[in-house]
Amino acid sequence: MSLKLYNTLTRTKEDFVPIDPANVRLYVCGPTVYDYAHIGNARPVIVFDVLFRLLRHVYGADHVTYVRNITDVDDKINARAVRDYPGVPPVEAIRTLTETTYGQFQADVAALGCLPPTFTPRATEHVATMVALIERLIARGYAYAAEGHALFHVPAMKAYGALARRSLDDMIAGARVDVAPYKRDPMDFVLWKPSSDDEPGWPSPWGRGRPGWHIECSAMSLDTLITPSGGGFQCDDPLKNTFDIHGGGIDLVFPHHENEIAQTSCALGTPRMANVWMHNGFLQVEGEKMSKSLGNFTTIRDLLADWPGEVLRLTMLRSHYHQPIDWTVRGMEESWRVLDDWYAVTADAGEGAVAPAVLDALADDLNTPKAIAELHGLKQQPAALAATLRMLGFLADTPAAWAARRPAADVDAAAVNALVAARLAARKAKNFAESDRLRDELAALGVTLKDGKDPATGEPVTTWEAKR
RNA sequence: GGCCACGUGGCGGAGUGGUUACGCAGCGGAUUGCAAAUCCGUCUACGGGGGUUCGAUUCCCUCCGUGGCCUCCA
């Protein structure tokens, strides 16, 4: 099967060729853990989970390494820790905040049907590698120390801007940043910055401080994906200092990913860091940009209170990952209806194989809307439908558990059963006025009836369920 | 201001230089005492204007609209 992926680096859809088919390596930028993740954060998590599952299917479950980092050092974290844990020593407050928040994140994404990545490194556990990377960059003339900072000197790198496709002139022309006096060039970015006593800090050749934003991903991908495969500081082989796929939100293209590339490629002598760069599009809520001021800042946790995780997952995958998506209640309702149908169709399904048509759609740059269309075509093949849905991270519930997820009206089952029996008797006696009256009465209680016939005897039978 | 995406039927959403996916809703039929559920069938589209072409929703230009990035936001 040939897998095609759109590569931001080349702006084209390319055939995916792993560096080592026995170990396909994927890195995705993970959460900064200071608050509940919002529904926009869920998009890359779900999209790259589908990619992870597809890669595992194609190359084998043991031949894919998926890394999603945890950013647990960040100024927003520091600020939140001070706010939420007054009186607690900062280091302790930060640890409590990041551990708590990451626990929430893990629970949220598990509910969304996402597999755990192979590794989930924390930035704070890779500071030594960050320091080593910065030292290497300084030694090779790509970075310099100034006033307790270490900075990457952008003009030292010829290819800078290749991912974002913008020239230095463009960036300077559009610059709206205050240029710190210790910068040699306005575009230079921070690799390391000094910490005050109540901020998290680590010893370094430039004094006690903490990493800049971008260096952590260079360090964690190096430690988890490059060094274990024979690359790293002791290796100048560009092929060994590159991994396969790097993913994240479209907003990370610049400056985050551009700077990651600058750091890793200049430190390790590799031209591109990762062969394929994938970026998911943004999400709006009910047609508006999601923001706290508009009051439509929607967390995954809030949505999970009212909607099954699989509903959120399907809603996310009904749009191609590259397209913008408008997140609406109507969209979630439609997803729920579709999943109800799939759960019903697959209730008694046996063992089946994953449908090739769905795999083909996924192999075409993760065309999940096309894949879903193909799923609709599998209703006559319940076993294949079930196997394919499971491969995509659906059907984790039993049919009964799924049905129970819909908030039901609070009804007295014995009373309902009595009314249903009375109606059945009335129908048998052809007293339809009475049977319709009983049906209306049940409807008023929030009970929906399903009439049918016993397949063996032909006797009329009625089942019911409570709707919300 | 600079750079970059996107704009498909009532709604969601693929795709393609010429046979108008798929889903939800709607409508029609089967079924039903009547309904519900189910099954079958079915209507509606490619932002505006130019251009290339035998032919464009699909390629090019332009305008309009929406959104993103421009130092720490998926």
Side-chain angles (χ1 to χ4, degrees), chain A residues 8 11 28-32 37-48 71 74-76 152 154 161 164-167 169-180 183 186-190 193 211-216 247-256 258-259 279-284 287-291 314-315 317-326 328 330-338 341 344-345 361 364 367-377 379 426-427 430-433 435-436 439-440 443 448-453 460 462-465 467:
Chain A
T8 306
R11 310 281 155 125
V28 175
C29 290
T32 301
H38 58 69
I39 189 62
N41 298 122
R43 192 168 191 189
V45 176
I46 293 171
V47 163
F48 291 106
T71 297
D74 176 275
D75 288 351
K76 284 196 297 296
F152 189 93
V154 169
R165 294 269 171 116
R166 52 179 89 182
S167 70
D169 290 345
D170 287 344
M171 287 185 274
I172 292 163
R176 54 178 195 199
V177 296
D178 295 330
V179 178
K183 285 190 180 180
M187 293 312 301
D188 291 354
F189 60 89
V190 171
K193 56 189 169 186
W213 176 34
H214 317 296
I215 195 70
E216 61 176 64
I250 187 89
D251 57 321
L252 295 180
V253 172
F254 193 88
H256 185 55
E258 193 71 59
N259 291 351
H279 295 96
N280 62 274
F282 247 58
L283 175 150
Q284 286 183 275
E288 288 188 314
K289 182 175 177 173
M290 180 165 55
S291 72
L314 180 61
T315 303
L317 295 177
R318 288 205 338 233
S319 296
H320 183 83
Y321 76 90
H322 216 255
Q323 295 287 101
I325 179 172
D326 187 17
T328 62
R330 187 172 175 161
M332 290 186 282
E333 286 170 343
E334 187 177 328
S335 297
W336 201 331
R337 269 192 288 272
V338 169
D341 195 32
V345 169
D364 184 12
N367 191 337
T368 52
K370 180 76 157 52
I372 290 165
E374 298 294 347
L375 286 168
H376 290 303
K379 286 178 75 172
R427 288 179 66 207
K430 299 210 186 297
N431 184 354
F432 296 123
S435 85
D436 289 353
R439 184 171 63 203
D440 291 344
T448 305
L449 301 176
K450 280 189 189 176
D451 288 337
K453 279 181 180 164
T462 296
T463 58
W464 61 273
E465 62 185 32
K467 294 280 185 188

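Below, all heavy atoms of this structure are taken into account, side chains as well, without hydrogens, waters or symmetry copies. Computed from a prediction, not measured in an experiment: that's the story for all the values here. Note on naming: letters A, B, ... go to the chains in the order of the sequence lines (proteins, then strands), and numbering restarts at 1 for each one.
Atom CG of residue A:Asn367 and atom CD of residue A:Glu374 lie 9.5 Å apart, to the nearest 0.5 angstrom. Going from atom CG of A:Leu283 over to atom CG of A:Asp326 covers 8.0 Å, rounded to the nearest 0.5 Å. A distance of 10.5 Å separates CG of A:Leu375 from OG1 of A:Thr368, quoted to the nearest 0.5 Å.
Taking the C1' atoms as reference points, B:rC22 lies 8 Å from B:rA14, given to the whole Å. Taking atom P in both B:rC24 and B:rU42, the straight-line distance is 15 Å, to the nearest Å. Straight-line distance between the P atoms of B:rG10 and B:rC43: roughly 15 Å, to the nearest whole Å. Of the P atoms belonging to B:rU52 and B:rG67, the separation is 35 Å, rounded to the nearest Å. For B:rG65 and B:rA36, the C1' atoms lie 44 Å apart once the distance is rounded to whole Å. With C1' as the reference atom, B:rA30 and B:rA45 are 30 Å apart, rounded to whole Å.
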All N/O contacts under 3.5 Å from nucleotides 23-30 of chain B to the protein, with atom names and distances to one decimal?
unit_1	atom_1	unit_2	atom_2	d
B:rG23	N2	A:Glu334	OE1	3.3
B:rG23	N2	A:Glu334	OE2	3.2
B:rG23	N3	A:Glu334	OE2	3.2
B:rC24	O4'	A:Glu334	OE2	3.2
B:rC24	O3'	A:Arg337	NE	3.4
B:rC24	O2'	A:Arg337	NH2	3.1

Is there any protein nitrogen or oxygen under 3.5 Å from a nitrogen or oxygen in nucleotides 40-46 of chain B, and what are the pairs?
none

Provide a list of protein-nucleic acid N or O atom pairs under 3.5 angstrom, restricted to nucleotides 32-37 of chain B.
unit_1	atom_1	unit_2	atom_2	d
B:rG33	O6	A:Ser435	OG	3.2
B:rG33	N1	A:Asp436	OD1	2.9
B:rG33	N2	A:Asp436	OD2	2.7
B:rC34	O2	A:Arg439	NH2	2.8
B:rC34	N3	A:Arg439	NH1	2.9
B:rA35	N6	A:Asp451	OD2	2.8
B:rA35	N1	A:Asp451	OD2	2.9
B:rA35	N3	A:Arg439	NH1	2.9
B:rA36	N1	A:Asp451	O	3.3

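Of the candidates B:rG15, B:rG13, B:rA74, the closest approach to any side-chain atom of A:His38 belongs to B:rA74. Of the candidate nucleotides B:rA74, B:rC70, B:rC72, B:rC72 has the atom nearest to the side chain of A:Trp213. Of the candidate nucleotides B:rU66, B:rA21, B:rG13, B:rA21 has the atom lying nearest to any side-chain atom of A:Lys370. For A:Gln323, taking side-chain heavy atoms from C-beta onward, the closest of the listed nucleotides B:rC70, B:rG67, B:rG7 is B:rG7.
Pairing of B:rG23, defined by two Watson-Crick or G-U wobble distances under 3.5 Å, is identified with B:rC11. Partner assigned to B:rA5 is B:rU66, using Watson-Crick or G-U wobble distances below 3.5 angstrom. Pairing for B:rA56 is absent, judged as Watson-Crick or G-U wobble with the two contacts each under 3.5 Å. Base pairing annotation: B:rG28 forms a Watson-Crick or G-U wobble pair with B:rC40, both donor-acceptor distances under 3.5 Å. B:rC34 is unpaired under the criterion used here, namely a Watson-Crick or G-U wobble arrangement in which both key atom distances are under 3.5 Å.
A residue-by-residue look at A:Asp364 and A:Gly248 shows that A:Asp364 has its nearest nucleotide of RNA chain B further toward the 5' end.
A:Phe152 and A:Phe189 have parallel rings, their planes meeting at less than 30° on a 0 to 90° scale where 60° marks the start of perpendicular. Taking the six-membered ring for Trp and thresholds of 30 and 60 degrees, A:His256 and A:Trp213 have nearly parallel ring planes, at less than 30 degrees apart.
With contacts defined as side-chain heavy-atom distances shorter than 4.5 Å, the pair A:Ser435/A:Arg427 qualifies. Counting heavy atoms from C-beta outward, A:Lys379 and A:Asp341 have side chains that approach closer than 4.5 Å. Contact check for A:Ile250 versus A:Thr8: no side-chain heavy atoms found under the 4.5 Å cut-off. Residues A:Pro324 and A:Gln284 form no side-chain contact, since every pair of their non-hydrogen atoms from C-beta on lies 4.5 Å or further apart.
Between A:Asn259 and B:rC72 there is no side-chain polar atom (N or O) within less than 4.0 angstrom of OP1 or OP2. Checking the phosphate oxygens (OP1, OP2) of B:rC72, no side-chain nitrogen or oxygen of A:Lys193 falls inside 4.0 Å.
A:Asp251 comes within 4.0 angstrom of a nucleotide base, judged by non-hydrogen atoms across all strands. Among the heavy atoms of the strands lying under 4.0 Å from A:Leu283 is at least one base atom, whether or not backbone atoms are also near. Contact annotation for A:Lys430: no contact, since no heavy-atom pair falls under 4.0 Å across all strands.
Ion pairing of A:Arg337 with A:Glu333 is absent here, as no side-chain N (NZ or NE/NH1/NH2) approaches a carboxylate O to less than 4.0 Å. Ion pair A:Asp451/A:Arg439 not flagged as a salt bridge, since none of the NZ, NE, NH1 or NH2 atoms sits closer than 4.0 Å to an Asp/Glu carboxylate oxygen.
Heavy-atom minimum distance, A:Arg318 versus A:Ser335: NH1-OG, 2.8 Å. Among all heavy-atom pairs drawn from A:Arg43 and A:Ser319, the shortest one is NH2-CB, 4.1 Å.
Using a 5.5 Å limit on the distance between ring centres and a 30° limit on the angle between planes, the aromatic ring of A:Phe282 does not count as stacked on the six-membered base ring of B:rG68.
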